[in-house]
Amino acid sequence: MIVALLNQKGGVGKTTLALNLAGEWAARGKRVTLIDADPQGSALDWSQQRSREGLPRLFGVVGLARDTLHREAPELARDVDHIVIDGPPRVAGLMRSALLAADLVLIPVQPSPLDGWASAEMLALLSEALIYRPELAARFVLNRCGARTVLARETLADHDPPVLTTTIGQRIAFAVAAQSGRLASELDDDTPATREIAALAAEIEHLEIGRAAS
Ligand SMILES: Nc1ncnc2c1ncn2[C@@H]1O[C@H](COP(=O)(O)OP(=O)(O)OP(=O)(O)O)[C@@H](O)[C@H]1O
Ligand SMILES: [Mg+2]
């Protein structure tokens, strides 16, 4: 399965969720490659930091911030169980290419009643991609949910794209781990952050979508 984390809003958790999801699948014995499709190269930086710290490789990280991503991703996908694409903020060409490559688009959003969850441009690009690829699946994933965030089930059910049941809280472990090239699960494998990522990975696999879903 090719999963792309996309949202033109910056700092919503694309890289954090991409790395931790890839790590979770790798820990479960899946072969995973993470494509860094962000010219900022945050996932590549993480990977470099990881090797500086002398930590073992968990999954491959490939820099591919090019509009030809959709032509190269299927070949990369042939050798692995899952490809996770860490998308860029604000680069429409790259976003389009990632939408053409993906089986599933995950849109991380911080639930806030004050602003739209994804930019109008992001949703327009998604609608455009769905014309060519009606089989493309898309889901919102709520990230950095505060303890007091009240999420009424009925409200969530109304959203298009739908919202995943698993939500990720505001967890300092993600930021602390990332600084040393680690995943939250490598700091402590029994924390809310780790449990939420495991639940997210499981929920995505149960969606049973994608060409190479296993
Ligand atoms: N659930 C969370 N709890 C706490 N901190 C988080 C969480 N998710 C992300 N962060 C922190 O928020 C910051 C932005 O996250 P991240 O880099 O993953 O966002 P992004 O969408 O990839 O940003 P960009 O658009 O710049 O690529 C990082 O410092 C990260 O550690
Ligand atoms: Mg990022």
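All ligand and atom numbering here is 1-based and tracks the order in the structure. Numbering starts at 1 and runs along the sequence shown.
With hydrogens and angles disregarded, no donor-acceptor distance shorter than 3.5 Å links the side chain of Ser42 to the backbone of Asp38. In this structure a side-chain-to-backbone donor-acceptor pair under 3.5 Å is present from Asp36 to Leu44.
For atom 8 (N) of ligand 1, the closest non-hydrogen atom on the protein side is Asn143 ND2, 3.1 Å. For atom 15 (O) of ligand 1, the closest non-hydrogen atom of the protein is Thr16 OG1, 3.7 Å. The protein heavy atom nearest to atom 25 (O) of ligand 1 is Lys14 NZ, 2.8 Å.
Checked by atom type, the side-chain pair Asp86/Thr15 shows a donor-acceptor distance below 3.5 Å.
Short contacts between ligand 1 and Ala175, defined as distances under 4.0 Å to a heavy atom of the residue, involve ligand atoms 31 (O). Near Asp38, with a cut-off below 4.0 Å to any heavy atom, the atoms of ligand 1 are 27 (O). Every atom of ligand 1 is numbered from 1 in the order shown, and the set under 4.0 Å from a heavy atom of Gly10 is 25 (O). Taking every non-hydrogen atom of Val12 and a distance limit under 4.0 Å, the qualifying atoms of ligand 1 come out as 19 (O), 20 (P), 21 (O). Less than 4.0 angstrom separates some heavy atom of Ile168 from each of these atoms of ligand 1: 1 (N). Within ligand 1, counting atoms from 1 as listed, the ones closer than 4.0 Å to a heavy atom of Phe174 are 1 (N), 2 (C), 3 (N).
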Verdict with reasoning, Arg144 to Gln110, per side-chain hydrogen bond (donor to acceptor under 3.5 Å, both in side chains)
CA-CA 6 Å; Arg144 309 187 87 157; Gln110 194 167 349; 4.7 Å; no
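Taking the six-membered ring for Trp and the full ring otherwise, Trp46 and Phe59 have centroids separated by under 6.0 Å.
Here CG of Leu19 is found 12.5 Å from NZ of Lys14. Values are rounded to the nearest 0.5 Å.
Ion pairing of Arg182 with Glu53 is present here, as a side-chain N (NZ or NE/NH1/NH2) and a carboxylate O approach within less than 4.0 Å. Here Glu186 pairs with Arg50 in a salt bridge; the nearest charged N to carboxylate O distance falls below 4.0 Å. A salt bridge links Arg66 with Glu72: at least one charged nitrogen is closer than 4.0 Å to a carboxylate oxygen. Between Arg31 and Asp79 no salt bridge is recorded (no basic side-chain N to carboxylate O distance below 4.0 Å).
Atom 31 (O) of ligand 1 is flagged as protein-proximal [any protein heavy atom, distance under 4.0 Å]. For atom 28 (C) of ligand 1, the nearest protein heavy atom is 4.0 Å or more away.
Within the coordination shell of the Mg ion (ligand 2), defined by N, O or S atoms under 2.8 Å, Thr15 is present.
Scanning both residues, Pro161 and Leu126, for their nearest heavy atoms gives CG-CD2, 3.8 Å.
Heavy-atom separations between Gly169 and ligand 1 include at least one value shorter than 4.0 Å. Under a 4.0 angstrom heavy-atom cut-off, Gly11 registers as being in contact with ligand 1.
The option from Arg144, Gln40, Gln179 that lies nearest to atom 5 (N) of ligand 1, judged by heavy atoms, is Arg144. Atom 17 (O) of ligand 1 has its nearest heavy-atom neighbour, among Leu142, Asp86, Thr15, in Thr15.
Between Gly13 and ligand 1, at least one N/O pair is under 3.5 Å apart. Geometrically, ligand 1 and Arg171 share a nitrogen or oxygen pair separated by less than 3.5 Å.
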